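Let me begin by presenting the structure, written as C-alpha cells, before commenting on it.
Predicted model only: the values in this text are computed from it and were never measured.
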Amino acid sequence: MIIENITYVTFESYVNDNILRPLGMENTGIDNNKKVINKMSSPYYSNWEDFIQYEYMDMSSSFSAGAMYSTVDDLYKWDQALYSEKLVSKTTMDLFLQSNVFNYGFGWFLDKRYDRRRVFQGGAYRGFRSEMHRYPDDHTTVIMLTNYDFVPVFKLTESLTGILFGEQISVPPRPQSYTLDERIYSNYMGTYEGYGCKATVDRNEDQFFLSGTMKQSSPSIRFRRLHYIILGTIGNVISHWRPTTRK
C-alpha cells in the first residue's frame, strides 16, 4: 500500500485524519470487522420471489478496494470538497481529470453525457451497488447507493441526471415473456475458472444457479415464461471466464 509506505500510518488512520474528519463525514469509514457500525444496511439478493440476505462476510478482506462504507450525504460533502482546495489543489485535480485516449483519470471514468462533461465511477460487491456521476462544469452530482444487487444503478443514475437536465426520459416497457429452448442454455452448465476463482452454473428444476466460492447460489435463468433472457452475472462468467468442465 503506497499510502502506508509513504506516511508510516495505516490506511484507515490516514483516511480518517486527512479526509473524513476534516470534511465532517461522520457516517463514513472503513469496515475493519472490529466494531459495530451504527445503522449499517444489510445486503440482499433475490431468488425471484423473495429478498434473501447475503451470507456474512468479513469486509475488511477487501481492504481499500471495497471495505469503505458511506452515505449519500457524506459522499456529497466529499464531492463538494473537490471543487475547493480542502483536499487537493486545483492543479492536482486538473491532472486527475485530464482527458486521455483511455477515457480514464486517476480513479474516474471520463466522457460526455447529455452534451456535458461527465466524471463518474461505480462499484458493486456482495449485494451493495453504487454510482457517483459528477458533471463538474455544471456543479451537479447524482449519487445512488443500494443494498439490493439487482438494482440497475447505472441506468437509474443516468436517467435521474437526464431528468435534472430537462431531457426526455422514458421508462422502458417490461419485456414480454416467452418460452425458450432449454437445450440452448444447458450448454452453459459446468464449472468456469478465471481470475483465481471458480464458479459453477448448475440447474435446480426450472432455474439455473450461479455458485461461486461462497455457499450461496444466485438465480440466473428461469425457464418457465422467462421475463429475462440472461442477467449480467452469468453473462460475465461466460464472457470473461473459461470453462474447465461441462455437465
Side-chain angles (χ1 to χ4, degrees), residues 1-4 6-47 49-88 93 96 106-109 119-134 139-161 164 212-218 233:
M1 167 77 57
I2 296 176
I3 289 177
E4 294 185 348
I6 293 177
T7 64
Y8 300 104
V9 298
T10 65
F11 174 72
E12 181 176 3
S13 295
Y14 184 85
V15 170
N16 285 334
D17 294 341
N18 293 276
I19 300 177
L20 305 186
R21 290 195 187 98
L23 297 184
M25 298 173 66
E26 299 178 356
N27 296 305
T28 302
I30 296 176
D31 186 352
N32 57 18
N33 200 40
K34 296 179 181 178
K35 60 185 178 183
V36 176
I37 301 173
N38 188 34
K39 297 182 180 180
M40 171 66 78
S41 59
S42 298
Y44 295 89
Y45 68 99
S46 173
N47 68 349
E49 284 84 23
D50 300 306
F51 291 99
I52 301 176
Q53 188 169 340
Y54 266 95
E55 290 178 336
Y56 167 78
M57 182 173 183
D58 180 359
M59 294 300 292
S60 67
S61 62
S62 59
F63 197 47
S64 58
M68 292 196 70
Y69 61 90
S70 190
T71 65
V72 169
D73 289 339
D74 271 8
L75 288 175
Y76 183 69
K77 292 178 181 178
W78 178 59
D79 165 75
Q80 292 300 291
L82 297 180
Y83 291 113
S84 68
E85 298 196 19
K86 291 181 179 179
L87 296 180
V88 295
M93 277 302 301
F96 284 175
F106 287 176
W108 296 97
F109 291 102
V119 178
F120 67 101
Q121 184 57 275
Y125 192 59
R126 302 288 295 166
F128 295 107
R129 302 180 70 87
S130 62
E131 286 289 334
M132 185 173 186
H133 293 202
R134 305 181 69 240
H139 278 231
T140 297
T141 300
V142 177
I143 303 167
M144 179 168 287
L145 307 177
T146 181
N147 58 329
Y148 179 43
D149 69 352
F150 272 31
V151 173
V153 288
F154 185 87
K155 178 62 176 177
L156 288 174
T157 304
E158 281 200 329
S159 296
L160 288 172
T161 305
L164 185 63
T213 53
M214 297 295 175
K215 296 180 180 179
Q216 287 171 317
S217 297
S218 298
T233 321

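- Ring geometry for Trp78 against Trp108 counts as parallel: the plane angle stays under 30°, on a 0 to 90° scale with 60° as the upper cut.
- Within 6.0 Å of the OH atom in Tyr76, the count of heavy atoms belonging to other residues, nucleotides or ligands does not exceed 12.
- Within the 4.5 Å cutoff, the side chain of Ser41 has heavy atoms near those of the Phe128 side chain.
- A donor-acceptor contact shorter than 3.5 Å is absent between the side chain of Asp50 and the backbone of Ile52.
- The distance from the OG1 atom of Thr157 to the CZ atom of Phe120 is 10.5 Å, given to the nearest 0.5 Å.
- Residues Val15 and Met68 form a side-chain contact, since some pair of their non-hydrogen atoms from C-beta on lies under 4.5 Å apart.
- Under the 3.5 Å distance criterion, the side-chain polar atoms of Lys86 are left unmatched by any main-chain donor or acceptor of Leu23.
- Rounding to the nearest 0.5 Å places CD of Glu4 at 11.0 Å from CD1 of Ile2.
- The CG atom of Leu160 sits 11.0 Å away from the NZ atom of Lys155 when rounded to the nearest 0.5 Å.
- Nearest heavy-atom pair across Arg126 and Pro43 is O-CB, 2.9 Å.
- The minimum heavy-atom distance between Ile143 and Met132, with the atom names listed, is CG1-CG, 4.0 Å.
- Thr71 and Asn27 share no donor-acceptor pair across their side chains, judged by distance under 3.5 Å alone.
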Stepwise, does the side chain to side chain contact (heavy atoms under 4.5 Å, CB included) test hold for Leu75 with Leu145? CA-CA 10 Å; Leu75 288 175; Leu145 307 177; 4.0 Å; yes

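- Asp73 meets the salt bridge (Lys or Arg N to Asp or Glu O under 4.0 Å) test with no other residue; sequence neighbours excluded.
- Atom CZ of Phe11 sits about 12.5 Å away from atom CG of Asn32, to the nearest 0.5 Å.
- The local environment of CD in Glu26 is sparse, with at most 12 non-hydrogen atoms from other residues, nucleotides or ligands closer than 6.0 Å.
- With values rounded to the nearest 0.5 angstrom, Asn33 atom CG is found 3.5 Å from Asp58 atom CG.
- Counting only heavy atoms from C-beta outward, the side chains of Asn18 and Thr7 never approach each other to under 4.5 Å.
- Listed here is the closest heavy atom pair of Lys77 and Gly24: NZ-O, 2.8 Å.
- With values rounded to the nearest 0.5 angstrom, Arg134 atom CZ is found 12.5 Å from Thr161 atom OG1.
- Side-chain N or O atoms of Glu131 include none that pairs as donor or acceptor with a backbone N or O of Met144 at under 3.5 Å.
- The side-chain heavy atoms of His133 and Phe154, taken from C-beta on, include a pair separated by under 4.5 Å.
- Of all heavy-atom pairs spanning Tyr148 and Tyr45, the tightest one is CE1-C, 4.0 Å.
- At a threshold of 4.5 Å between non-hydrogen side-chain atoms, the residues Val119 and Phe96 do not count as touching.
- Contact annotation: the side chain of Met93 never approaches that of Glu85 to less than 4.5 Å [non-hydrogen atoms, C-beta and beyond].
- Residues Tyr83 and Thr141 form a side-chain contact, since some pair of their non-hydrogen atoms from C-beta on lies under 4.5 Å apart.
- Residues Gly107 and Gln121 share a closest heavy-atom pair of O-NE2, 3.0 Å.
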